[in-house]
**Student:** 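Sharing a structure, written as structure tokens. Questions coming.
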Amino acid sequence: KPYGSYQLFGNMVLDFGNPEGEVSSYRRELRLDEAVSDVSFMRNGITYSQESFTSYNDDIAVIRMTADKKGAISFNLSLNRENNVPLKESWKPRCTVEGGDLMYRGNCFSGLEEDDAETLTGMAFGGRVRIILPRGGSVSSEDGKSLAVSGADEAVILLAMKTDYFGDDIEAALSSQIEAAAAKSYKELKSSHIEAYRKLFGRVEVDFGHDAEREQMAIPERLAAFNK
């Protein structure tokens with residue numbers, strides 16, 4: 001039978017290689033009042049931070065990476081879609097670097113294809129990734145299907161996604177989304193996102209009381225305390 005809705009769009013893989021040095025002071029946080037996710041850690045005396053959100057206003061996913069040492073940010077970015085996709089190579093989404101952006105194109109598995117079919121016939125989807133480096137560094141591609149950042153102080157990743165479910169021109173929509181978002185600063189994108197989110201989230205407020213000590217506890221510590 002055909003698959004239903006809500007298939008996985010794909011995975012964004014950020015490969016930082018295997019740098020030496022232990023990771024310490026690792027912290028992961030979700031700020032519910034802003035719908036912003038934070039990750040930070042220290043390695044070799046350098047503090048790395050990552051902030052992520054998906055903007056309804058700009059229809060774009062945004063990731064910002066920073067470090068407190070110049071030129072410390074280097075990574076490789078790729079996209080794949082392994083879940084819900086048979087292993088046949090010709091059925092997997094295609095990634096190409098075009099005009100400095102990473103393009104991602106594919107079709108969903110409808111469930112009607114025979115094992116020997118060369119292409120998938122389900123809903124078409126696409127993605128476009130652009131990496132902006134506000135303060136130094138370089139973006140390149142050695143294999144033509146991934147992006148590599150080297151020696152940056154800061155990196156802002158923009159990801160646009162679209163399907164043809166409503167008959168949209170995927171290529172045109174992705175271009176419009178990326179160009180509109182890239183014309184704004186990170187601060188503007190984040191501010192617009194939070195403003196739109198809080199119009200809904202901020203309609204109701206519930207206060208269960210505060211415990212300053214417990215609010216600083218990590219999730220495993222909170223679960224252990226809850227079970228006592």
Side-chain angles (χ1 to χ4, degrees), residues 10-55 58 60-80 82 95 97 100-102 127-160 178 181-182 184-194 197 210-226:
N11 304 301
M12 177 185 287
V13 180
L14 302 177
D15 184 357
F16 297 90
N18 189 26
E20 297 181 355
E22 293 186 0
V23 172
S24 62
S25 302
Y26 181 86
R27 181 179 178 85
R28 185 170 57 181
E29 179 181 2
L30 173 60
R31 302 202 298 275
L32 291 177
D33 63 329
E34 297 183 345
V36 175
S37 170
D38 294 310
V39 175
S40 63
F41 62 89
M42 180 177 289
R43 173 182 274 152
N44 295 326
I46 305 172
T47 298
Y48 296 88
S49 300
Q50 178 178 305
E51 196 170 57
S52 310
F53 59 87
T54 302
S55 172
D58 293 287
I60 204 91
V62 185
I63 302 174
R64 178 180 182 243
M65 299 179 182
T66 59
D68 63 1
K69 180 181 178 181
K70 288 184 177 297
I73 298 177
S74 297
F75 62 90
N76 190 80
L77 185 153
S78 60
L79 295 170
N80 66 56
E82 300 297 337
C95 289
V97 175
D101 291 348
L102 179 60
R128 185 168 182 168
V129 177
R130 179 173 298 180
I131 302 178
I132 298 172
L133 304 180
R135 295 182 291 151
S138 63
V139 181
S140 61
S141 177
E142 294 185 1
D143 59 6
K145 56 184 180 180
S146 64
L147 297 174
V149 171
S150 179
D153 300 351
E154 174 185 354
V156 177
I157 302 170
L158 304 177
L159 168 62
I178 280 288
K184 299 181 180 181
S185 67
Y186 177 78
K187 184 177 180 180
E188 289 172 326
L189 289 170
K190 182 180 175 182
S191 176
S192 175
H193 156 68
I194 293 174
Y197 172 73
H210 297 276
D211 186 322
E213 183 177 347
R214 286 184 179 272
E215 288 177 358
Q216 297 303 314
M217 294 172 64
I219 296 299
E221 295 172 332
R222 295 189 186 199
L223 291 174
F226 177 79

**Student:** Report the distance from atom CE of M12 to atom OG of S78, rounding to the nearest 0.5 Å.
**Tutor:**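 Taking CE in M12 and OG in S78, the distance rounds to 9.5 Å.
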
**Student:** Should the heavy atoms of other residues, nucleotides or ligands under 6.0 Å from NZ of K190 be counted, would the total exceed 12?
**Tutor:**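 Result for NZ/K190: enclosed.
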
**Student:** For the residue pair Y197 and D33, establish whether any side-chain heavy-atom pair is separated by less than 4.5 Å.
**Tutor:**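 Contact flag for Y197/D33 side chains = no.
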
**Student:** Evaluate the side chain to side chain contact (heavy atoms under 4.5 Å, CB included) criterion for residues H193 and V62: first the C-alpha distance (whole Å), next the side-chain angles of each, then the deciding distance (0.1 Å), finally the verdict.
**Tutor:** CA-CA 10 Å; H193 156 68; V62 185; over 6 Å; no

**Student:** Rounded to the nearest 0.5 Å, what separation is found between the CZ atom of F53 and the CG atom of L30?
**Tutor:**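 Going from CZ on F53 over to CG on L30, the span is 13.5 Å.
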
**Student:** Can you tell me how far OG of S146 sits from CG of N76, rounded to the nearest 0.5 angstrom?
**Tutor:**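 Separation between the atoms: 4.0 Å.
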
**Student:** Taking the side chain as every heavy atom from C-beta outward, state whether V139 and I132 have any pair of such atoms under 4.5 Å apart.
**Tutor:** no

**Student:** So do the side chains of M65 and I157 get within less than 4.5 Å of each other, counting heavy atoms only?
**Tutor:** yes

**Student:** Calculate, to the nearest 0.5 Å, the distance between atoms CG and CG belonging to L147 and L77 respectively.
**Tutor:**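 It is 6.0 Å, given to the nearest 0.5 Å.
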
**Student:** Relative to the ring of Y48, is the ring of F41 parallel (under 30°), tilted (30 to 60°) or perpendicular (over 60°)?
**Tutor:**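 Aromatic pair F41/Y48 classed parallel.
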
**Student:** The test is side chain to side chain contact (heavy atoms under 4.5 Å, CB included); show your working for T66 and T47 and say whether it passes.
**Tutor:** CA-CA 8 Å; T66 59; T47 298; over 6 Å; no

**Student:** Report yes if some heavy atom in the side chain of L189 is under 4.5 Å from a heavy atom in the side chain of L158; otherwise report no.
**Tutor:** yes

**Student:** Could you give the distance from NZ (K187) to OG (S192), rounded to the nearest 0.5 Å?
**Tutor:**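 Here the rounded value is 14.0 Å.
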
**Student:** Any donor-acceptor pair under 3.5 Å linking the side chain of D143 with the backbone of K145?
**Tutor:**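 Side chain of D143 to backbone of K145, a donor-acceptor pair under 3.5 Å: yes, one is there.
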
**Student:** In this structure, are over 12 heavy atoms from other groups packed under 6.0 Å from R28 atom CZ?
**Tutor:**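 Check fails, neighbour count at 12 or below.
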
**Student:** Donor-acceptor pair, R130 side chain versus G100 backbone, under 3.5 Å?
**Tutor:**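 Judged by distance alone, no pair lies under 3.5 Å.
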
**Student:** To the nearest 0.5 angstrom, please state how far the CD1 atom of I60 sits from the CZ atom of R128.
**Tutor:** 10.0 Å

**Student:** With D153 as reference, evaluate K69, R64, K70 under the salt bridge (Lys or Arg N to Asp or Glu O under 4.0 Å) test and give the passing residue.
**Tutor:** K70

**Student:** Run the numbers on R43 and F16 for side chain to side chain contact (heavy atoms under 4.5 Å, CB included), then give the verdict.
**Tutor:** CA-CA 12 Å; R43 173 182 274 152; F16 297 90; 5.7 Å; no

**Student:** If the test is side chain to side chain contact (heavy atoms under 4.5 Å, CB included), which one of D101, V149, L102 qualifies with I131?
**Tutor:**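 Exactly one candidate clears the test, V149.
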
**Student:** Between E51 and V36, is a side chain to side chain contact (heavy atoms under 4.5 Å, CB included) present by the stated rule, with each step listed?
**Tutor:** CA-CA 7 Å; E51 196 170 57; V36 175; 3.3 Å; yes

**Student:** List the atom of S150, the atom of S74, and the distance in Å for their closest heavy-atom pair.
**Tutor:**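 S150 and S74 have their closest heavy atoms at CA-OG, 3.5 Å.
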
**Student:** Which heavy atom of K184 sits nearest a heavy atom of E188, and at what distance?
**Tutor:**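 K184 and E188 have their closest heavy atoms at CA-OE1, 3.3 Å.
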
**Student:** Are I63 and V156 side-chain neighbours, meaning at least one heavy-atom pair lies under 4.5 Å?
**Tutor:**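 With C-beta onward as the side chain, the pair stays apart.
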
**Student:** Over all heavy atoms of both residues, which pair between A67 and I46 is shortest? Give the atoms and the distance, please.
**Tutor:** CB-CG2, 4.1 Å

